[in-house]
Amino acid sequence: MEVIIVPTAQDVGELAAARIADLVASKPDAVLGLATGSSPQGVYAELHRRVQAGSLSFAGVRGFALDEYVGLPLEHPESYASVITRDVVEPLGFDPSNVRVPDGRADDLDRAAQEYDEAIAQAGGIDLQILGIGANGHIGFNEPTSSFASRTRIKTLAPQTRLDNARFFDSPDQVPTHCLTQGLGTILEAREVVLVAQGAGKAAAIAAAVEGPLTALVPGSALQLHRRATVIVDEDAASGLKLADYYRYTYAHKPQ
Ligand code: F6R
């Protein structure tokens, strides 16, 4: 993995956005994997700034969300379909018909999950997957002990994840118990992944994913198997990394 440590959370967003902007400039119909939650907010804000400035267009870009809660009505403000529309599709100017979110309301969730993976394949695969990481090391909603070979499927959210996400709901019991999430195997098929993390609350998960053993207990460690994974963290999220000085040195000497 390439680990890039930058001073602030804002720098994390700017650097990740710059990589995405480069990709879209070279491939205007690129396929992006879209994360929700707090971590990518700065990335989307910087992309929005570039769209406003007229230097970037998402009109031809296609998108696949990472995950969706099971059972929330589509119009619920915290369904990931609503969040993706509000935070990504509208501000960045995606064509809504180019963006897909797993169908957490389907009668047949297994089938909806399988169709989702098929739709990604039909789109030619994901060019760049944006990721956050949970405090317990999850990526997407692949909770600890998820198979590294897993495909998009239904998962039970860990109690800690439900508590962490309760801030978006009126009360913790309103957080759904299940989700549909791209699998670790699905995520590993993206041609490039960019994981962003900010704050001390993510330091242990980042250290375990980047420098710990490859283990299903830390789903983010699966990214060690990826050929092109970039982890962009601020100083606080980097505070558990043993080789932080080496990553700084490597980035400072990165060949053009
Ligand atoms: C979001 C997702 C999750 C989050 C993770 C971190 O689509 O799949 O893996 O990236 O839970 O959440 P935040 O960014 O809110 O700390």
Side-chain angles (χ1 to χ4, degrees), residues 9-10 12-13 16-17 32-46 63-70 72 76-89 99-104 113 116 120 126 128-146 150-169 172 175-188 190 193-206 208-209 216 218-223 229-234 236-237:
Q10 184 174 339
V12 172
L32 291 182
L34 302 166
T36 48
S38 306
S39 306
Q41 290 304 317
V43 183
Y44 298 140
E46 171 61 16
F64 286 90
L66 256 181
D67 37 26
E68 174 61 294
Y69 292 116
V70 165
L72 275 192
H76 189 288
E78 295 309 328
S79 76
Y80 283 170
S82 296
V83 173
I84 289 282
T85 300
R86 196 167 62 230
D87 292 354
V88 181
V89 173
V99 179
R100 192 158 166 169
V101 180
D103 184 0
Y116 200 69
I120 292 174
I126 288 175
L128 187 152
Q129 175 67 58
I130 305 162
L131 292 174
I133 189 166
N136 66 359
H138 71 218
I139 53 174
F141 277 139
N142 295 284
E143 300 287 21
T145 71
S146 287
S150 51
R151 312 301 309 174
T152 301
R153 69 214 183 289
I154 185 169
K155 283 294 287 181
T156 307
L157 292 171
Q160 183 61 51
T161 302
R162 292 186 68 225
L163 276 181
D164 288 346
N165 286 8
R167 67 190 191 281
F168 297 115
F169 292 82
V175 185
T177 50
H178 293 82
C179 64
L180 283 185
T181 180
Q182 284 188 35
L184 292 174
T186 319
I187 292 169
L188 288 175
V193 301
V194 175
L195 186 150
V196 292
Q198 310 88 350
K202 297 293 173 69
I206 286 292
V218 181
S221 70
L223 298 179
T230 307
V231 174
I232 307 178
V233 286
D234 67 5
D236 288 340

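The model shown is predicted, which means the values in this text are computed figures rather than measured ones. First listed ligand is number 1; within each ligand, the first listed atom is number 1.
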Please tabulate, one line per pair, the protein N or O atoms found under 3.5 Å from any N or O atom of ligand 1, giving the distance to one decimal.
unit_1, atom_1, unit_2, atom_2, d
ligand 1, 7 (O), Thr36, N, 2.9
ligand 1, 7 (O), Thr36, OG1, 2.7
ligand 1, 7 (O), Asp67, OD1, 2.8
ligand 1, 7 (O), Asp67, OD2, 3.4
ligand 1, 8 (O), Asp67, OD2, 2.4
ligand 1, 8 (O), Gly140, O, 3.3
ligand 1, 9 (O), Gly140, N, 3.4
ligand 1, 9 (O), Gly140, O, 2.7
ligand 1, 11 (O), His138, NE2, 2.7
ligand 1, 14 (O), Ser38, N, 3.1
ligand 1, 14 (O), Ser39, N, 2.7
ligand 1, 14 (O), Ser39, OG, 2.5
ligand 1, 15 (O), Ser38, N, 2.8
ligand 1, 15 (O), Arg167, NH2, 2.8
ligand 1, 16 (O), Lys202, NZ, 2.7

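With sequence neighbours excluded, the residues that form a side chain to side chain donor-acceptor pair (under 3.5 Å) with Gln41 are Asp87.
Checked by atom type, the side-chain pair Arg153/Ser146 shows a donor-acceptor distance below 3.5 Å.
A side chain to side chain donor-acceptor pair (under 3.5 Å) with Asp164 is found for exactly one of Arg162, Arg167, Gln160, namely Gln160.
No close placement of the His76 and Phe168 rings is indicated, their centers lying 6.0 Å or farther apart.
The aromatic rings of Tyr80 and Phe141 sit parallel, their planes meeting at an angle under 30°, below the 60° perpendicular limit.
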Requested in this report: Show your working on side-chain contact (heavy atoms from CB on, under 4.5 Å) between Leu157 and Lys155 and close with a plain yes or no.
Outcome: CA-CA 6 Å; Leu157 292 171; Lys155 283 294 287 181; over 6 Å; no
